[in-house]
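One structure is given below, encoded as structure tokens.
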Amino acid sequence: MVTKIDGKRLATKMQTNLAKKVKDLKQTYDIVPGLVVILVGEDPASQVYVRNKERSALAAGFKSEVVRLPETISQEDLLTLVKSYNNDQTFHGILVQLPLPRHIDEEAILMAISPEKDVDGFHPVNMGLLWSGHAIMKPCTPAGIMEMFKEYNISLLGKNALVIGRSNIVGKPMAQLLLDENATVTIAHSRTKNLQELAKTADILVVAIGRGHMITKDFVKPGAVVIDVGMNRDDNGKLIGDVKFDEVADIASYITPVPGGVGPMTITMLLEQTYESALRKIN
């Protein structure tokens with residue numbers, strides 16, 4: 001019988017423990033982890049995501065600030081704001097919510113964030129540390145997936161892992177984190193030939209391709225562990241993943257649902273990394 005990986009339950013457990021650690025940090029060292037989220041424009045999905053981040057940060061006892069900016073803000077003004085938070089010692093994590101308006105160079109903004117405060121793990125310095133096996137800040141979604149594997153005692157040692165998707169946010173860092181745990185890793189994408197046949201050889205299948213219900217049972221090896229990173233809307237506006245859950249659950253050993261799977265873990269890891277950033281200030 002398949003085991004549903006309950007990301008929501010795990011996120012609640014981790015955030016409860018985190019709140020205790022934050023309380024101890026404040027009592028012992030008078031340090032409160034600070035997280036600032038910068039939101040540009042009125043993108044509805046970003047608004048919801050930022051609101052959830054703020055709620056979780058406050059519940060864990062963080063100093064939380066959300067800066068909401070008009071879509072018309074200049075790149076220069078946004079860079080100035082980011083640099084001001086780099087210099088503000090009461091904030092240990094800076095996150096600029098993506099996507100940004102077209103007139104703003106996302107890479108320039110991400111580059112401007114201090115690597116020490118880059119709790120999204122997207123700065124080239126942090127990506128380089130990740131790929132060299134010395135990660136400090138990790139992209140939050142892949143980091144959250146690794147916590148799921150630990151929680152459910154899913155061994156990655158020597159397993160064939162296929163990551164479908166090659167973004168800097170999920171696909172590439174996910175592959176490296178799997179390699180770090182001694183899995184044998186393949187990265188596939190929209191132009192991969194014979195994707196179905198390749199997927200059926202995977203013991204661990206991580207899907208982050210952004211196509212609703214693309215992965216059916218015909219792509220999945222019986223007994224595989226299936227992690228669905230997809231967040232899509234069907235014709236009725238219902239949130240669905242990249243994996244056809246009802247079909248694949250019949251043959252997988254473990255599977256994440258959408259919603260309630262990977263999503264809650266992303267915010268959890270953002271908070272964990274902000275806490276770790278604050279902890280490093282003790283020394």
Side-chain angles (χ1 to χ4, degrees), residues 5-39 45-68 81-82 84-98 113-123 126 135-152 169-170 173 177 229 231 256-283:
I5 298 176
D6 191 340
K8 188 174 181 180
R9 181 193 62 79
L10 177 56
T12 299
K13 173 183 171 182
M14 290 183 67
Q15 289 182 33
T16 299
N17 290 336
L18 180 60
K20 294 175 183 176
K21 293 190 293 185
V22 168
K23 185 177 180 181
D24 289 343
L25 186 66
K26 182 177 181 180
Q27 289 178 343
T28 306
Y29 297 101
D30 197 27
I31 295 175
V32 177
L35 173 65
V36 59
V37 178
I38 299 171
L39 175 62
S46 293
Q47 295 276 357
V48 172
Y49 191 39
V50 167
R51 190 160 57 245
N52 290 339
K53 288 174 184 175
E54 183 179 28
R55 187 181 300 123
S56 297
L58 290 171
F62 281 54
K63 175 182 179 179
S64 177
E65 187 169 306
V66 176
V67 181
R68 292 177 169 84
L81 180 66
V82 168
S84 72
Y85 281 105
N86 283 340
N87 296 324
D88 188 335
Q89 298 306 307
T90 66
F91 287 96
H92 308 92
I94 301 170
L95 185 149
V96 178
Q97 183 65 38
L98 303 179
I113 299 172
S114 168
E116 295 178 352
K117 297 187 178 186
D118 169 40
V119 287
D120 248 345
F122 295 159
H123 193 285
N126 286 322
I136 297 175
M137 299 289 197
K138 306 170 186 175
C140 295
T141 298
I145 292 169
M146 298 306 292
E147 290 295 328
M148 288 176 159
F149 290 141
K150 291 177 189 176
E151 176 72 9
Y152 284 82
I169 296 173
V170 179
L177 292 176
V229 187
M231 297 281 280
T256 59
V258 176
V262 173
M265 291 302 299
T266 300
I267 291 177
T268 301
M269 298 315 297
L270 175 73
L271 298 180
E272 286 280 357
Q273 295 199 139
T274 302
Y275 168 78
E276 293 293 337
S277 178
L279 206 58
R280 284 191 286 272
K281 293 300 179 184
I282 294 172
N283 301 321

- Note on the structure: When rounded to the nearest 0.5 Å, the distance separating CD of Q15 from CD1 of I267 is 7.5 Å
- Task: Verify, without hydrogens or angle tests, whether N126 (side chain) and P115 (backbone) share a donor-acceptor contact under 3.5 angstrom.
- Result: yes
- Closest non-hydrogen atom pair between G261 and M148, with its separation: O-CE, 3.0 Å
- Listed by chain and number, what are the salt bridge (Lys or Arg N to Asp or Glu O under 4.0 Å) partners of R55, not counting sequence neighbours? none
- Of the options P33, P139, C140, which is the one that meets Q273 in a side-chain contact (heavy atoms from CB on, under 4.5 Å)? C140
- Query: Just wondering, more than 12 heavy atoms not from M231 lying within 6.0 Å of its CE?
  - Reply: no
- Query: Quick one: do K138 and E276 make a salt bridge, cutoff under 4.0 Å?
  - Reply: no
- Has the side chain of K23 got a donor or acceptor atom that lies under 3.5 Å from a matching backbone atom of G61? no
- Message: If you define the side chain from C-beta out and look only at heavy atoms, does anything of M265 sit under 4.5 Å from L10?
- Response: yes
- Message: With a 6.0 Å cut-off (strictly less than), is the heavy-atom count around OH of Y29, excluding the residue itself, greater than 12?
- Response: no
- Item | Residues E116 and R280 bridged, charged N to O under 4.0 Å | no
- Task: Rounded to the nearest 0.5 Å, what's the gap from CG on D6 to CD on E151? Could you check?
- Result: 9.5 Å
- Listed by chain and number, what are the ring-ring contact (aromatic ring centres under 6.0 Å, His included) partners of Y49, not counting sequence neighbours? none
- Write down the atom of H123, the atom of D118, and the distance for their closest heavy-atom approach. N-OD2, 2.8 Å
- Message: Does any part of the side chain of K8, heavy atoms only, come nearer than 4.5 Å to the side chain of P259, both counted from C-beta?
- Response: no
- Once you round to the nearest 0.5 Å, how far does OH of Y85 lie from CD1 of I94? 9.0 Å
- Query: Roughly how far, to the nearest 0.5 Å, is CZ of F122 from CD1 of I113?
  - Reply: 9.5 Å
- Is any side-chain heavy atom of Q27 closer than 4.5 Å to a side-chain heavy atom of D24? yes
- Note: L25 and A278 closest approach over all heavy atoms is CD2-CB, 4.2 Å
- Query: Picking from V170, I169, T266, what satisfies side-chain contact (heavy atoms from CB on, under 4.5 Å) with V229?
  - Reply: V170
- Is it true that E147 and K150 make a salt bridge, defined as a side-chain N closer than 4.0 Å to a carboxylate O? yes
- E65 side chain to V36 backbone, donor-acceptor under 3.5 Å: no
- Message: Once rounded to the nearest 0.5 Å, what's the spacing between atom CG of D120 and atom CE of M269?
- Response: 12.0 Å
- Query: Is a side-chain donor or acceptor of N86 paired with a backbone partner of S114 at a separation under 3.5 angstrom?
  - Reply: yes
- Item | Side-chain donor or acceptor of T274 paired with backbone N/O of L270 under 3.5 Å | yes
- Would you check if the side chain of Y275 reaches a backbone N or O of F62 as a donor-acceptor pair within less than 3.5 Å? no
- Shortest non-hydrogen contact between N87 and K117, atoms and distance: N-NZ, 4.4 Å
- Query: NZ/K53 to CG/L35 distance, rounded to the nearest 0.5 angstrom?
  - Reply: 8.0 Å
